[in-house]
K.L.:
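My questions will all concern the structure given below.
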There are 2 protein chains.
Amino acid sequence: MTGIDDVARAAGVSAATVSRALSGRGRISDATRARVRAAAADLGYVVSAAASALATGRAANIGVVVPLLDRWFFANVLDGIASRLTPRGYDMTLYSMSMDRAQRDGVLDVSLRRGRVDGLIVLSLTLADDEVDRLLALDLPVVGLGSTNRRLPALRIDDVAVARLATEHLLALGHRRIAHLGAGYPGDPGLDIPSLRRHGFDAAMADAGIRDSRFVATDFTIDGGYRAARALLREAEPPTAIFAASDELAFGALFAARDEGRDVPRDLSVIGVDGHEMSDFFGLTTIAQFPHEQGERAADAVLAAVDGRTELGELSFRLVERTSTSAPHGGLAEKSGAPAP
Amino acid sequence: MTGIDDVARAAGVSAATVSRALSGRGRISDATRARVRAAAADLGYVVSAAASALATGRAANIGVVVPLLDRWFFANVLDGIASRLTPRGYDMTLYSMSMDRAQRDGVLDVSLRRGRVDGLIVLSLTLADDEVDRLLALDLPVVGLGSTNRRLPALRIDDVAVARLATEHLLALGHRRIAHLGAGYPGDPGLDIPSLRRHGFDAAMADAGIRDSRFVATDFTIDGGYRAARALLREAEPPTAIFAASDELAFGALFAARDEGRDVPRDLSVIGVDGHEMSDFFGLTTIAQFPHEQGERAADAVLAAVDGRTELGELSFRLVERTSTSAPHGGLAEKSGAPAP
DNA sequence: CTGAAAGCGCTTACAG
DNA sequence: CTGAAAGCGCTTACAG
């Protein structure tokens with residue numbers, strides 16, 4: 001590998017000068033800088049990550065803690081993060097926090113303590129309290145995204161408002177028997193995303209004077225949504241509308257409706273959350289959020305944090321109406337307000 | 001940060017001994033090793049990645065070059081890779097090769113030359129010839145996966161056989177008017193995956209004595225499949241079956257059939273390639289491959305390559321029949337061989 | 001503006 | 001089996 005001394009020799013200067021010319025730090029004459037850069041480009045020299053990291057204490061690398069790596073939402077966030085990190089010379093190292101206890105411990109107690117990263121973006125939804133402690137003890141700038149825990153500095157969406165918006169959309173259409181598909185974590189303080197969405201749902205229903213709302217906890221997968229919705233549709237008095245806490249859950253509900261012979265939206269309205277790339281094909285009404293942009297903002301935020309600045313804030317969302325929601329079939333009597341279309 | 005000297009002091013030995021005790025390299029007494037490890041655990045000491053990399057020349061990190069980061073297939077491969085790397089103490093750094101020329105150059109000429117990784121897994125489908133040159137010039141162990149270029153050592157699936165299997169499935173059902181949805185790269189040597197699949201398709205059709213097969217090039221997305229299939233279905237003599245080169249293309253074809261009022265499989269049979277997590281819900285017949293397992297094998301292969309060993313080989317695939325394929329409607333006359341079911 | 005030299009935190013021949 | 005010391009390839013006060 002060609003090293004800094006090779007470049008110094010080629011440019012007729014010292015290694016110190018090469019370092020200054022390439023990093024842009026310290027004073028150096030324009031002529032020298034140009035000569036050194038030309039020599040470096042010529043030799044295809046690139047500063048060694050390890051040596052530079054050791055000397056400066058900066059790794060030029062951001063760690064991203066991800067939950068399972070295989071969900072659509074996270075793939076898009078990652079792409080957004082990469083798009084902002086690369087141009088600024090940062091690499092991105094992934095740390096997968098699976099369900100396996102030993103694995104999680106390894107990430108928290110070993111991998112992340114190797115000093116390989118300057119900052120962390122945490123995408124993991126479900127961190128135990130002691131895991132948050134250990135994350136914070138790393139003493140690394142951290143930015144949570146979609147984070148469940150209030151103790152983590154994070155970029156957040158107003159999940160209560162998201163759920164309210166979705167529920168009120170259904171209520172405005174005239175639905176009264178509305179079921180919510182989400183998740184429930186035992187022993188949770190109730191401030192995680194699924195809980196917040198459930199709160200928003202409950203609040204909207206309460207405001208509408210409806211007491212008997214249904215909630216079903218399942219996992220955030222198509223299959224989870226499928227099983228939960230299928231069970232609901234087989235009840236004596238099935239809901240006329242489902243508010244699913246994610247688009248993937250909603251897809252499952254759509255497939256369930258199909259397999260139970262229900263027409264959407266005539267027999268069942270379905271609304272999701274995410275703005276999944278496939279939601280348009282399903283005609284799914286959803287509360288869209290923007291994962292790619294969220295990734296970009298998270299990247300900017302960690303980089304700011306690495307420089308000692310704070311750059312957090314709220315993330316945006318938007319109702320996207322499509323064909324999976326309408327007034328309940330034969331339910332005009334239930335509908336207060338606007339006349340049927 | 002607690003360093004090696006802190007541990008040495010705590011254990012009453014030298015830094016050299018601590019290093020040996022923790023790395024497992026070099027001879028050391030069991031008692032000393034145990035004492036040192038206890039002290040390290042006690043202090044929460046973890047070897048600095050930068051210092052260790054600089055001293056040994058090994059980064060304990062594998063780079064993964066990915067195309068866009070937002071396709072289902074790659075997300076699963078990544079998960080598979082991570083599952084094998086982490087337990088062996090390796091981290092995984094992602095390098096996104098987008099469509100942007102400057103970005104790709106940055107990855108090849110700068111990021112990957114920083115010495116941050118010991119080996120590379122290349123998932124990128126479309127590398128130009130000079131990009132492969134530069135990749136090879138890195139002088140790093142490389143393992144391609146789903147790789148387009150024959151000059152890259154890679155784990156491969158027999159794409160010609162995959163396409164043959166899919167096409168022959170359709171032929172065996174009695175289809176004659178079969179269209180293939182794939183991709184075409186201009187100026188390509190014809191050994192990339194889409195081309196190989198097309199070759200397999202052509203060969204199977206030729207063997208069946210069919211000369212007028214249709215091929216449509218589009219991009220490997222749901223939307224690409226949707227647009228291509230929709231156009232096909234509007235032709236005067238639409239195909240009775242579509243072989244899509246990926247499940248996402250196939251999903252698009254399924255949505256197109258729906259929007260054109262065609263029943264699947266009565267009016268149109270559709271077969272894909274991948275075994276996408278949603279294919280089951282769509283009832284999509286497909287040639288399944290196993291991305292998670294492929295990721296695991298790729299990880300094992302780079303790690304072997306880092307140690308100077310070669311561990312490549314062929315990847316497996318399997319026909320999974322579901323409800324999107326059947327004999328063509330009213331097409332029994334066309335069917336040669338077995339009687340109708 | 002530029003160079004010599006110390007130092008970043010480990011690892012590993014080399015001695016013993 | 002263990003320690004002292006050189007060295008990995010940079011960066012950055014410190015002089016000049």
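In what follows, every chain begins at residue 1, and chains take the letters A, B, ... in the order their sequences are listed. If you're wondering where the values come from, they're calculated on a predicted model, not measured in any experiment.
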K.L.:
Which listed nucleotide (C/dA5, D/dG7, D/dC10) is nearest to the side chain of A/Ala16?
P.N.:
C/dA5
K.L.:
Report the residue (B/Ser48 or A/Val13) whose heavy-atom-nearest nucleotide on DNA chain C is the more 5′ of the two.
P.N.:
A/Val13
K.L.:
In whole angstroms, how far is the C1' atom of D/dG3 from the CD1 atom of B/Ile4?
P.N.:
13 Å
K.L.:
Per the side-chain hydrogen bond (donor to acceptor under 3.5 Å, both in side chains) rule, which among A/Asp91, A/Thr93, A/Asn61 passes with B/Thr93?
P.N.:
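Of all the options given, the one that passes is A/Thr93.
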K.L.:
Could B/Asp139 and B/Arg134 be called an ion pair, given the rule that one side-chain N must be under 4.0 Å from one carboxylate O?
P.N.:
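Result for this pair is no, no salt bridge flagged.
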K.L.:
Searching all strands shown, indicate the nucleotide that pairs with D/dG16 (Watson-Crick or G-U wobble; both distances under 3.5 Å).
P.N.:
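D/dG16 is paired, partner C/dC1.
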K.L.:
Which nucleotide sits closest to the side chain of A/Thr17: C/dT11, D/dC10, C/dT2?
P.N.:
C/dT2
K.L.:
What is the separation between atom CG on A/Asp30 and atom C1' on C/dC1, rounded to the nearest whole Å?
P.N.:
11 Å
K.L.:
Which nucleotide in the list C/dT2, C/dA4, D/dG9 gets nearest to the side chain of A/Ala51?
P.N.:
D/dG9
K.L.:
When rounded to the nearest Å, what value does the distance between C1' atoms of C/dG16 and C/dT12 take?
P.N.:
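Taking atom C1' in both C/dG16 and C/dT12, they lie 16 Å apart.
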K.L.:
By nearest atom, which of the nucleotides D/dT11, D/dT2, C/dG9 is closest to the B/Leu54 side chain?
P.N.:
C/dG9
K.L.:
Please check the phosphate of C/dT2 (OP1 and OP2 only) for any side-chain N or O of A/Ser29 closer than 4.0 Å.
P.N.:
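Answer is yes, contact under 4.0 Å.
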K.L.:
What's the CZ-P distance between B/Arg116 and D/dC10, to the nearest Å?
P.N.:
14 Å
K.L.:
In this structure, how many angstroms lie between the C1' atom of C/dC10 and the CZ atom of B/Arg9, rounded?
P.N.:
15 Å
K.L.:
In whole Å, what separates the P atom of D/dT2 from that of D/dA6?
P.N.:
23 Å
K.L.:
Just checking A/Thr32: base, sugar-phosphate only, or nothing, at a heavy-atom cut-off of under 4.0 Å?
P.N.:
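Here A/Thr32 touches the backbone only, sparing every base.
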K.L.:
Respond yes when some side-chain nitrogen or oxygen of A/Ser14 is under 4.0 Å from OP1 or OP2 of C/dG3, and no when none is.
P.N.:
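A/Ser14 to C/dG3 OP1/OP2: side-chain N or O found under 4.0 Å.
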K.L.:
Roughly how many Å is it from CZ in B/Arg114 to P in D/dC10, rounded to a whole number?
P.N.:
13 Å
K.L.:
From the set C/dT11, D/dG9, C/dA4, return the single nucleotide nearest to any side-chain atom of A/Ala55.
P.N.:
D/dG9
K.L.:
Before giving the answer on side-chain contact (heavy atoms from CB on, under 4.5 Å), spell out for A/Glu131 and A/Leu135 the whole-Å C-alpha distance, their side-chain angles and the decisive distance to 0.1 Å.
P.N.:
CA-CA 6 Å; A/Glu131 293 178 327; A/Leu135 216 43; over 6 Å; no
K.L.:
Under 4.0 Å between a side-chain N/O of B/Ser52 and OP1 or OP2 of C/dT11, yes or no?
P.N.:
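True: B/Ser52 side-chain N/O within range (under 4.0 Å) of C/dT11 OP1/OP2.
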K.L.:
Mind checking if A/Arg25 touches a base, just sugar-phosphate, or nothing, with heavy atoms under 4.0 Å?
P.N.:
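Sugar-phosphate only.
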K.L.:
In whole angstrom, give the distance that lies between atom CZ of B/Arg27 and atom C1' of C/dA13.
P.N.:
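One finds 15 Å between C1' of C/dA13 and CZ of B/Arg27, rounded.
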K.L.:
Taking only the side-chain heavy atoms of A/Arg20 (C-beta and beyond), determine which of D/dT11, D/dG9, C/dT2 contains the nearest atom.
P.N.:
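Of all the options, the side chain of A/Arg20 is nearest to C/dT2.
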K.L.:
Using whole Å, report how far CG of B/Asp5 lies from P of D/dA4.
P.N.:
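Going from B/Asp5 (CG) to D/dA4 (P), I get 11 Å.
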K.L.:
Minimum heavy-atom separation for B/Ala11 to B/Ala39, with atom names?
P.N.:
CB-CB, 4.1 Å
K.L.:
With a 4.0 Å cut-off on heavy atoms, is B/Val18 in touch with a base, just the backbone sugar-phosphate, or nothing at all?
P.N.:
nothing
K.L.:
Do the charged groups of A/Asp307 and A/Arg58 touch, with an N to O distance under 4.0 Å?
P.N.:
yes
K.L.:
Is the side chain of A/Ser52 donor-acceptor paired with the backbone N or O of A/Ser48 at a distance under 3.5 Å, no angle test?
P.N.:
no
K.L.:
In this structure, how many angstroms lie between the P atom of D/dG9 and the CG atom of A/Leu22, rounded?
P.N.:
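These atoms are roughly 16 Å apart.
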